[in-house]
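Below you'll find the structure, written out as structure tokens, and then a few comments.
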Amino acid sequence: MNQPMVLAENVHKSFGKLEVLKGIDLEVGRGEVCCLLGPSGSGKSTFLRCINHLEKVDAGRLSVDGKLVGYRQQGDKLYELKERETAQARAEIGMVFQRFNLFPHMTALGNVVEAPLRVRRESRSGAIDRGRALLDRVGLGDKVDAYPAQLSGGQQQRVAIARALAMQPKLMLFDEPTSALDPELVGEVLDVMRGLAEDGMTMVVVTHEMGFAREVGDTVVFMDGGVVVEKGDPKSVINNPQEERTKAFLGKVL
């Protein structure tokens, strides 16, 4: 149980000639909240997508809960897994995007139970019971029959969180989950994320919400230009950064 939940070792990723990740080394322990900070284009979201193999790494190794993501090792070579095997591993990693990506023709409850029914082949009654409980947990117990178009952005994002939790993941990834929301709706989503952290969920969060990173994060990682510039506990990195690039970034956003 001492092994980290996420272990990145010299991870590289390019899109054509553009090298986006230039050797990322990072550990996220079990039950930790790791907040990734940095300017647009620094590689934060790409790294997040590499964790669950939505993007394939070009070099290095990425493992979740001690298992390589999207690959198996034979000798000193890595072989890519078949999509079905990768999908099974990905099912244990919840992801919440900037845009909510809900199915517009399904109710809130329908969105939450779809993956457990189709991917995990759960019983309909069991999936519905847990789906209702999850919507209640994110403060939407009275919205089970509402369609996405009838919900605010903050409510849609909370449905998206409940949908990710419905697969009972061991790890949750958040890619700027509040950036598409009106300012007054940000708090309700962050409150749900705080609750998850208090419950011991391992989380990697790409965010510009400095208050959340300072209050909830166990580790803060500042990325720029595809590398980790600085990492440490929130008070050290946010309140007393050591690197000039970190200081310059925080000087603009705080």
Side-chain angles (χ1 to χ4, degrees), residues 4-11 13 20-52 62 64 93-98 153-154 157-158 161 164 171-254:
M5 179 61 77
V6 179
L7 178 60
E9 302 171 278
N10 197 30
V11 170
K13 175 64 183 177
V20 179
L21 300 178
K22 302 175 182 177
I24 301 294
D25 292 300
L26 186 64
E27 287 188 20
V28 181
R30 295 170 187 277
E32 274 190 20
V33 178
C34 175
C35 294
L36 303 181
L37 311 180
S40 297
S42 58
K44 309 180 304 295
S45 294
T46 297
F47 177 64
L48 206 69
R49 291 171 66 84
C50 286
I51 292 176
N52 66 357
L62 247 174
V64 172
I93 305 172
M95 185 153 186
V96 178
F97 300 88
Q98 294 180 38
Q157 192 62 296
R158 284 187 280 155
I161 293 172
L171 169 67
M172 286 284 284
L173 308 176
F174 293 87
D175 189 5
E176 298 192 37
T178 60
S179 65
L181 301 178
D182 291 333
E184 66 269 23
L185 302 177
V186 168
E188 63 191 51
V189 174
L190 294 181
D191 284 344
V192 171
M193 294 170 65
R194 284 188 186 91
L196 291 178
E198 289 167 3
D199 291 344
M201 175 63 74
T202 309
M203 299 158 58
V204 183
V205 185
V206 174
T207 184
H208 292 295
E209 300 293 337
M210 294 300 153
F212 176 85
R214 186 186 279 122
E215 176 192 343
V216 182
D218 296 295
T219 305
V220 167
V221 177
F222 175 68
M223 291 178 61
D224 193 16
V227 300
V228 172
V229 176
E230 190 164 352
K231 59 187 173 185
D233 66 86
K235 288 182 180 177
S236 298
V237 176
I238 297 176
N239 296 349
N240 189 29
Q242 301 301 303
E243 300 293 333
E244 290 303 320
R245 287 157 84 188
T246 316
K247 291 176 184 176
F249 173 78
L250 293 173
K252 293 176 182 175
V253 299
L254 290 178

E230 and R245 ion-paired at < 4.0 Å =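 Salt bridge: no.
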State, yes or no, whether a side-chain contact exists between [X] and [Y] at a heavy-atom distance under 4.5 Å.
{"X": "L37", "Y": "T207", "result": "yes"}
{"X": "L173", "Y": "D175", "result": "no"}
{"X": "Q157", "Y": "T178", "result": "no"}
{"X": "M95", "Y": "R49", "result": "yes"}
{"X": "V206", "Y": "F47", "result": "no"}
{"X": "V216", "Y": "M193", "result": "no"}
{"X": "V204", "Y": "L48", "result": "yes"}
{"X": "R194", "Y": "F212", "result": "yes"}

Residues that E27 engages under salt bridge (charged side-chain N to carboxylate O under 4.0 Å, His left out), provided they are two or more places apart |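 For E27 there are no salt bridge (charged side-chain N to carboxylate O under 4.0 Å, His left out) partners, ignoring immediate neighbours.
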Considering residues at least two apart in sequence or located in another chain, which fulfil the salt bridge (charged side-chain N to carboxylate O under 4.0 Å, His left out) criterion with K22?
->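 Testing K22 for salt bridge (charged side-chain N to carboxylate O under 4.0 Å, His left out), a comparison that skips the adjacent residues, returns none.
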What residues, two or more places apart in sequence or in another chain, satisfy ring-ring contact (aromatic ring centres under 6.0 Å, His included) together with F97?
->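 If we apply the ring-ring contact (aromatic ring centres under 6.0 Å, His included) test to F97, skipping adjacent residues, there are no hits.
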Main chain of [Y], side chain of [X]: is a donor-acceptor contact present, judged purely on distance under 3.5 Å?
{"X": "D218", "Y": "V33", "value": "yes"}
{"X": "Q242", "Y": "N240", "value": "yes"}
{"X": "K44", "Y": "G38", "value": "yes"}

What pair of heavy atoms forms the shortest contact from [X] to [Y], and how long is it?
{"X": "L185", "Y": "L181", "answer": "O-CD1, 3.9 Å"}
{"X": "C35", "Y": "A213", "answer": "SG-CA, 3.8 Å"}
{"X": "V96", "Y": "P177", "answer": "CG1-CB, 4.4 Å"}
{"X": "A164", "Y": "G94", "answer": "CB-CA, 4.2 Å"}
{"X": "F249", "Y": "P39", "answer": "CE1-N, 3.5 Å"}
{"X": "A8", "Y": "L62", "answer": "CB-CD2, 3.8 Å"}

Could you tell me whether K235 atom NZ has more than 12 heavy atoms of other residues or ligands within 6.0 Å of it?
->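 Check fails, neighbour count at 12 or below.
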Quick one: [atom1] on [X] to [atom2] on [Y], what's the gap to the nearest 0.5 Å?
{"X": "R30", "Y": "L171", "atom1": "CZ", "atom2": "CG", "answer": "10.5 Å"}
{"X": "M172", "Y": "M203", "atom1": "CE", "atom2": "CE", "answer": "7.0 Å"}
{"X": "I51", "Y": "L7", "atom1": "CD1", "atom2": "CG", "answer": "11.0 Å"}
{"X": "T202", "Y": "I93", "atom1": "OG1", "atom2": "CD1", "answer": "11.0 Å"}
{"X": "M223", "Y": "L36", "atom1": "CE", "atom2": "CG", "answer": "6.5 Å"}
{"X": "E243", "Y": "D224", "atom1": "CD", "atom2": "CG", "answer": "11.5 Å"}

State which residue, out of L26, D25, I24, T46, fulfils the side-chain contact (heavy atoms from CB on, under 4.5 Å) condition with V11.
->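 With V11 as partner, side-chain contact (heavy atoms from CB on, under 4.5 Å) holds for just one option, I24.
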Taking it one step at a time, do V64 and M5 satisfy side chain to side chain contact (heavy atoms under 4.5 Å, CB included)?
-> CA-CA 5 Å; V64 172; M5 179 61 77; 4.2 Å; yes
